[in-house]
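Comments concern the structure below.
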Amino acid sequence: IVHWTPFFQTYKKQRYPWVQLAGHQGNFRAGPTPGTILKKLCPQEEACFRLLMNDILRPYVPEFKGVLDVNDTEEGNVEGNEAGETLQKDSNNDNVIKRTIVSSYLQLQDLLGDFEHPCVMDCKVGVRTYLESELAKAKERPKLRKDMYEKMIQVDPSAPSAEERRVQGVTKPRYMVWRETISSTATLGFRVEGIKLAHGGSSKDFKTTRTREQVTEALRRFVEGYPHAVPKYIQRLKAIRATLKASPFFASHEVVGSSLLFVHDAKNAGIWMIDFAKTLPLPQHLPRISHDAEWKVGNHEDGYLIGVNNLIDIFQDIWNS
Ligand code: ATP
Ligand code: MG
Ligand code: MG
C-alpha cells in the first residue's frame, strides 16, 4: 500500500507532497531544514547510520544528520496514558486528552530532494525479511494460529498441508517461512514493496509478485518512458555491489528488511540503501557472512547479494530487449 504522507516538503523553493512507499505513516515527518526528513528513532538503526557515515558505503545511504527530539501531540483516551507523558484535558470531553510526547527522530537526507516529479520504487532486499531471533522467538511456544491459516489460504488455498487443513491452523514460524515464498523474496533475494510513478499511477500491491517474469514486468513499467534511467540504474547497482564487497560494515552485519530505494525523473536516476532497523552486528561466533550463500536456520546469511545480482540481471534484460 502506498501512503501519501500528509506533509509537504520544500526544496529548492518548490513544494511537493512527500512519497512514502512502506512503513507506518506516523514514523515520518518533514525535517527542520530543507532537504531533510525525520524518521522515528530506533536505536539499532541509529547505530548503523553512525557506522555508515564512516564506511565506504556512505555515498549510497542517505546522509545522517543526527538525532532530533520533537514534541508530538496525539489524541487519546485517559486510560491509556503512560509515565512521562504530559496530559492536557479536552474541555469538551472528559475522556479525550491531548498527549504531548517527546519523540526522538533520526534526521536524514531526503533522497527525493534533488528530483523533479520523481518515480520511486522500494525493493526490500534479501532472501528473508525477519531476523533469526524473531524466528527463534516464534518457535518458543508455537501455538496454532487460525488467523495465519486464513491469510495463507486467501493467497494460496493449496499451501496448507493435510494436517494443517485438518486443524485449521498453522504455527507462526511456519507462516513466517511460507510468507517469504509468495513474493520473490525467497527465490530472487528481493521483492518490490511499492512503486509510485511521476504522475499518480501504479500503486499496486506487489505482495504476490513472485516469478522472475512478473518482477521483470513490474520493473519494466517502472522505467517505461525513462530509457535513460536503465543504464544509470545498472551502473549504480554495480557500484553498490562492488562497494558492498569491500565494506567493513557490510561484512560484519546481517542486513535484514533493508531496502534499495530507486528514484528517477526526466534527467537523473539514483539508488540508495535505506531502512536499517533490522540490520544487526553478526554474533561473535560468526564474525563474517558471505551474503550470497543459501540461508539455513542459524547461519545468519541474509542473501543481500543474491538480490543485488538479480536486480542487475533483470535491468540488463530490460536494457537488452
Ligand atoms: P518498513 O520497516 O515497513 O519497511 P520503516 O518504517 O522502517 O518501514 P523505511 O522503510 O525506512 O520505513 O521507509 C519507508 C518509506 O519511506 C520508503 O519506502 C521510502 O518511500 C521512504 N523513505 C525512507 N527514507 C527516505 C529518505 N531518506 N528519503 C526519501 N524517502 C525515504
Ligand atoms: Mg522499509
Ligand atoms: Mg523498517
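Counting starts at 1 for both ligands and their atoms, following the listed order. Heavy-atom basis, side chains included; hydrogens, waters and symmetry copies ignored.
- A donor-acceptor contact under 3.5 angstrom links the side chains of Arg220 and Ser321, judged on distance only.
- Ring pair Phe64/Phe49 is parallel by interplanar angle, where below 30° counts as parallel and above 60° as perpendicular.
- Taking the centre of each ring, Phe315 and Phe262 come in below the 6.0 Å mark.
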Show the atom names and distances, to 0.1 Å, of all donor-acceptor pairs under 3.5 Å that link a side chain in residues 265-273 to residues at least two apart or in another chain.
residue	atom	partner	partner atom	Å
Asp265	OD1	Lys267	N	2.9
Asp265	OD1	Asn268	N	2.8
Asp265	OD2	Glu116	N	2.8

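- Residue pairs that meet the ring-ring contact (aromatic ring centres under 6.0 Å, His included) test with at least one member in residues 137-176, sequence neighbours left out, are Tyr175-Trp178.
- Contacts of ligand 1 (protein heavy-atom distance under 4.0 Å) are Trp18, Val19, Gln20, Leu21, Ala22, Gly23, Asn27, Phe28, Ile37, Lys39, Pro62, Gln109, Asp110, Leu111, Asp122, Lys124, Leu261, Ile274, Asp275.
- Checked for salt-bridge contact, Glu45 and Lys39 meet the test: a charged N lies under 4.0 Å from a carboxylate O.
- Around the Mg ion (ligand 2), the protein atoms of type N, O or S found under 2.8 Å away are Asp275 OD2, listed by chain and number.
- Contact of the Glu46 side chain with the Leu106 side chain is registered, since non-hydrogen atoms from C-beta on lie closer than 4.5 Å.
- Taking the six-membered ring for Trp and the full ring otherwise, the centers of Phe250 and Tyr304 sit less than 6.0 Å from each other.
- Glu301 and Ser290 are linked by a side-chain donor-acceptor pair at a separation below 3.5 angstrom, with hydrogens and angles left out of the test.
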